[in-house]
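Any value given below was found using the heavy atoms of this structure, including those in side chains, with hydrogens, waters and symmetry copies removed. Treat the numbers as computed from the prediction; the structure is a model and nothing was measured.
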Amino acid sequence: MNHEFDGLADFARTHAILENMRENMNIKNMAKEILLEENYIRFMKSYKFTFLFQLLGILAGFVVPSAVLYIIFNDIYYCVFGAVIGILWMCIWLPLSLVIPPTKIYRKFAKWCRNRHATLDELDVIFYMDK
């Protein structure tokens, strides 16, 4: 029974990952279609910075402490302790990634895309009023 639940959980995680990728691609495609070239370039810079900033947080928070503790102590329990440090680090890093200015354009545009009653006038606020 537990094996069936694990398979179902893996399926749900995979589905969530694919849905997130699809949503990100839709947001990027919509940006390419409706934004001026200058604004699209600013949007893509913000998107890339957000992606790399979050990836760097994962590497710095999970991989580095786990690997360093495993190399120093040569015991898997210290590697698990490094992962716990990573979880605590992510509690700081992810909220930080939501408030730093270079991620602002991507976050606001994604929110605009999800809003069903959004108008094109709101794009001016995202790209021109917050400089």
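Other cluster members for M25: none, since no ILVMFWY side-chain heavy atom sits under 4.5 Å from it.
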For a quick test of your reading: what N or O donor-acceptor pairs under 3.5 Å do the side chains of residues 55-62 make, sequence neighbours left out?
none

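Side-chain contact between F127 and L36 is absent, with no heavy-atom pair separated by less than 4.5 Å. Residues K28 and N24 fail the side-chain proximity criterion, which asks for heavy atoms closer than 4.5 Å. Between S46 and P102, every side-chain heavy-atom pair lies at or beyond the 4.5 Å cut-off. Y128 is listed as a side-chain neighbour of N39, based on a closest heavy-atom distance under 4.5 Å. Two residues are said to be in side-chain contact when any heavy atoms from C-beta on lie closer than 4.5 Å; F109 and L123 meet this criterion. Under the 4.5 Å side-chain criterion, counting only non-hydrogen atoms from C-beta, I41 is not in contact with L35.
In this structure T103 satisfies the side-chain hydrogen bond (donor to acceptor under 3.5 Å, both in side chains) test together with R107, sequence neighbours excluded. Under the ring-ring contact (aromatic ring centres under 6.0 Å, His included) criterion, F73 pairs with Y78, sequence neighbours left out. Take V64 and apply the side-chain contact (heavy atoms from CB on, under 4.5 Å) test, not counting sequence neighbours, and it matches V68. E23 is linked by a salt bridge (charged side-chain N to carboxylate O under 4.0 Å, His left out) to R114, counting only residues two or more places apart in sequence or in another chain. Under the rule for a ring-ring contact (aromatic ring centres under 6.0 Å, His included), the partners of F49 that lie at least two apart in sequence or sit in another chain are F53. Residues passing the side-chain contact (heavy atoms from CB on, under 4.5 Å) test with Q54 are T50, L94, S97, sequence neighbours excluded. By the side-chain contact (heavy atoms from CB on, under 4.5 Å) test, L88 is found to be paired with no residue, residues two or more places apart in sequence or in another chain being considered. A search for ring-ring contact (aromatic ring centres under 6.0 Å, His included) contacts involving Y47 returns Y106, not counting sequence neighbours. Remark: A67 engages no residue in a side-chain contact (heavy atoms from CB on, under 4.5 Å) (not counting sequence neighbours).
In the hydrophobic clustering of ILVMFWY residues, with side-chain heavy atoms under 4.5 Å counting as a link, I92 and V99 come out apart. In terms of hydrophobic clustering, with Ile, Leu, Val, Met, Phe, Trp and Tyr side chains grouped at heavy-atom distances under 4.5 Å, I76 and I71 are assigned to different clusters. Cluster annotation: I34 and I126 are assigned to the same hydrophobic cluster (Ile/Leu/Val/Met/Phe/Trp/Tyr, side-chain heavy-atom contacts under 4.5 Å, transitive).
The salt bridge (Lys or Arg N to Asp or Glu O under 4.0 Å) pairs that include a residue from residues 11-21 are D10-R13, E19-R22, where partners are two or more places apart or lie in different chains.
For the atom pair CG of L69 and CG of N74, the computed distance is 12.0 Å after rounding to the nearest 0.5 Å. Put simply, CZ on R42 and CD on E37 are 13.5 Å apart, with the number rounded to the nearest 0.5 Å.
Looking at every heavy atom in both residues, S66 comes nearest to C79 through OG-O, 3.2 Å. The two residues F43 and I105 come nearest to each other via the heavy atoms CA-CG2, 4.0 Å. Contact between M30 and W112 at its shortest, heavy atoms only, is SD-CZ3, 4.0 Å.
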